Amino acid sequence: MIIMPKLGKLPPFFLSCLLLTIIFIVFILCSPNPFNPISKSDLHQTLALPNSTSHGDDDDETLKCDLFKGEWVPDLQGSLYTNWSCSTIPTSKNCFHHGRKDTEFLKWRWKPHQCQLPRFDPKTFLEFVQGKKLGFIGDSVARNHMDSLLCLLSMVETPVDHYKDSEDRKRVWYFPGHDFTLMILWTKFLVDGEERVINGSASGIFDLHLHKIDKKWTTDLPVLDYIIISDAHWFFRTIYLHNDTGVVGCVYCDHPNVTDFGVGFALRMAFRSALNHINRCRECKARVTLVRTFSPAHFENGTWDTGGICNRTSPLSEREIKLTSNEWELRSLQMDEIEKANIEGNKKGTKFAALDVTKAMLMRPDGHPGELWGNKWMNGYNDCVHWCLPGPIDAWNDFLFEVLRRKVT
């Protein structure tokens, strides 16, 4: 028989070692994975935040929280899908297919300062929109957003490619298991616009009729239950602005008898016309319209046609961005027009809200295809406007679901 000495008679050194050993054994037995490192975002979630995928009842503080004031924090989980698991990614947004090697740009998550933004749950989203039709209205960045949502939803159900026009501008996908329709209605300017043809060739000069809505998207508007509308990048061209009396101004023109009102004025008027049309559409059934604010480009050392690049691999901090920039000005005027539309809509039971992505995306110069977009017709030009899939644009669907949920419930 081995007789153990009383603990009180052990030398202090051995007593300390024994106590540390007991504490370590208890830690090992009680922890499901004690050696798994905890990221900054995991620590936030563990100590202070609710379940990241929860869409239960919110308290007053969470509902008052501004989802769009925050920062990008490390996220070990990364993207919910890959370029291999999603077969519908357009090749020009499939950055890994074209040789992108770094993956760190996928390991960040948007964290509002005062609350938690739930992580997008495709199963819960499909249940939420069951029997509904959701349409993206806008340019190729709106299509970029739809493709991101399509990849996320494809994790739960394989969609049916229901319709594609000859130019792949209007696209409709159907999820039969949830009777849910997802579509993109492509439009350059939201309002009616056409490019001038000079000597049989496209001139790059456009005429915009601010009092006429582009019928490419209004025809399908009545079938939509939810609308996400956005636009901006086509306005950075030479444009002549018309009302029902003729030319009233221009953008980037050098005409002595025409006032250059700038991009902001043209964009404001186009959004005002579009949102007014939605508000006054008698045959429309949509009760929620979300406006996605300006998504900034990140060209450095030049513009798109003068050798500009975007080859960063990590986000910027809040102090590294400028909220007095042209991008922020465009975002602010869009917010003004949303508020005006909402005031009118409240009288009729229609709701307008912002997907205010501008600040978050100003911090993400690392998320663009850059030279890795495989466009043989524009070899040598970088794409610093659109976003890689998967990539930071997937956060737009975190915003989308939370804002839509707040407005519907």
Side-chain angles (χ1 to χ4, degrees), residues 135-142 167 169-170 185-222 224 227-284 286 289 291-294 326-348 350 352 354:
F136 288 88
I137 298 170
D139 56 18
S140 55
V141 182
E167 296 181 323
R169 294 295 175 88
K170 177 182 175 182
L185 303 174
W186 199 88
T187 173
K188 292 186 181 78
F189 301 106
L190 299 177
V191 294
D192 186 44
E194 65 273 348
E195 186 172 6
R196 293 184 181 181
V197 176
I198 300 176
N199 296 325
S201 301
S203 65
I205 301 172
F206 290 84
D207 289 286
L208 256 62
H209 301 275
L210 299 174
H211 59 299
K212 298 179 181 179
I213 302 298
D214 185 357
K215 293 182 180 179
K216 291 184 179 68
W217 64 272
T218 57
T219 301
D220 292 288
L221 193 63
L224 297 178
I227 299 167
I228 298 95
I229 189 168
S230 59
D231 212 356
H233 289 284
W234 278 88
F235 287 81
F236 292 86
R237 288 164 170 77
T238 299
I239 297 172
Y240 287 87
L241 306 172
H242 301 250
N243 64 13
D244 54 0
T245 64
V247 175
V248 294
C250 69
V251 178
Y252 292 131
C253 75
D254 187 17
H255 197 292
N257 298 320
V258 182
T259 302
D260 190 335
F261 286 113
V263 172
F265 175 84
L267 187 65
R268 181 189 291 276
M269 292 299 103
F271 266 93
R272 183 173 298 177
S273 294
L275 297 182
N276 282 342
H277 179 83
I278 293 171
N279 243 333
R280 298 167 187 176
C281 178
R282 294 183 179 180
E283 67 273 23
C284 292
T289 296
V291 178
R292 195 261 300 153
T293 62
F294 185 63
N326 291 332
E327 293 91 346
W328 195 250
E329 179 185 349
L330 296 180
R331 171 262 179 199
S332 297
L333 67 87
Q334 288 175 312
M335 296 294 284
D336 289 343
E337 295 306 314
I338 296 168
E339 182 61 27
K340 291 175 184 176
N342 209 30
I343 292 173
E344 182 177 345
N346 284 336
K347 303 173 185 176
K348 305 174 182 179
T350 57
F352 293 80

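The chain is numbered in sequence order, starting from 1. Since we're looking at a predicted model, the values are computed, not measured.
Between the side chain of S203 and the backbone N or O of V197, no donor-acceptor pair lies under 3.5 Å. Side chain of E329 to main chain of G264: no donor-acceptor pair is present (N/O by atom type, distance under 3.5 Å, no hydrogens or angles). A donor-acceptor pair is defined here as one N or O able to donate and one able to accept, closer than 3.5 Å; such a pair exists between the side chain of W217 and the backbone of L190. In this structure, the side chain of H255 engages the main chain of N257 through a donor-acceptor pair within 3.5 Å. A donor-acceptor pair under 3.5 Å is formed between the side chain of T238 and the backbone N or O of Y252. Checking side-chain atoms of N346 against main-chain N and O of N342 turns up a donor-acceptor pair under 3.5 Å.
Across every non-hydrogen atom of D260 and V251, the tightest pair is OD1-CA, 3.5 Å. Residue A266 comes nearest to L241 through the heavy atom pair CB-CD2, 3.9 Å, listed as atom of the first residue, atom of the second, then distance. For the residue pair A202 and E195, the shortest heavy atom distance occurs at CB-OE2, 3.4 Å. Scanning all heavy atoms of the two residues, the minimum distance from P222 to E283 falls at CG-CG, 3.6 Å.
Two residues are said to be in side-chain contact when any heavy atoms from C-beta on lie closer than 4.5 Å; L267 and L330 meet this criterion. Contact annotation: the side chain of M335 never approaches that of E337 to less than 4.5 Å [non-hydrogen atoms, C-beta and beyond]. Residues F136 and S230 form no side-chain contact, since every pair of their non-hydrogen atoms from C-beta on lies 4.5 Å or further apart. Counting heavy atoms from C-beta outward, L208 and F235 have side chains that approach closer than 4.5 Å. Put simply, the side chain of V291 reaches to within 4.5 Å of the side chain of F271, judged on heavy atoms. Looking at K216 and R169, their side chains never come closer than 4.5 Å, going by heavy atoms from C-beta outward. I228 places none of its side-chain heavy atoms less than 4.5 Å from the side chain of I137. In this structure, the side chains of V248 and H242 stay at 4.5 Å or more apart for every pair of heavy atoms.
One finds the OG atom of S273 at 11.5 Å from the CD1 atom of I278 (value rounded to the nearest 0.5 Å). How far OG1 of T187 is from CD1 of I213: 9.0 Å, rounded to the nearest 0.5 Å. Here the NE2-CD1 distance, from H277 to I229, works out to 9.5 Å after rounding to the nearest 0.5 Å. Distance CG/D231 to CD/Q334: 9.0 Å, rounded to 0.5 Å. The CZ atom of F294 sits 10.5 Å away from atom CG of L333, with the distance rounded to the nearest 0.5 Å. Rounding to the nearest 0.5 angstrom, the gap separating the CG atom in D207 from the SG atom in C250 is 11.0 Å.
Salt bridge absent: D139 and K188 never bring a charged side-chain N and a carboxylate O closer than 4.0 Å. Remark: E344 does not engage K340 in a salt bridge, criterion side-chain N to carboxylate O under 4.0 Å. A salt bridge is defined here as a Lys NZ or Arg NE, NH1 or NH2 lying under 4.0 Å from an Asp or Glu carboxylate O, and D192 with K215 fails to meet this definition. Under the 4.0 Å criterion applied to side-chain N and carboxylate O atoms, D336 and R268 are assigned as salt-bridge partners.
For S201 and N199, the side-chain atoms include no donor-acceptor pair closer than 3.5 Å. With hydrogens and angles left out, the side-chain atoms of T293 and R331 include no donor and acceptor closer than 3.5 Å. Residues T350 and N279 have side chains that bring a donor and an acceptor to within less than 3.5 angstrom of each other.
More than 12 heavy atoms of other residues, nucleotides or ligands sit less than 6.0 Å from atom CG of D244.
F206 has its ring centre no less than 6.0 Å from the ring centre of Y240.
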task = Tell me, with the steps shown, if L221 and I227 meet side chain to side chain contact (heavy atoms under 4.5 Å, CB included).
result = CA-CA 9 Å; L221 193 63; I227 299 167; 3.5 Å; yes
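Taking the six-membered ring where tryptophan is involved, the planes of F236 and H233 are tilted, since the angle between them lies from 30° to 60°.
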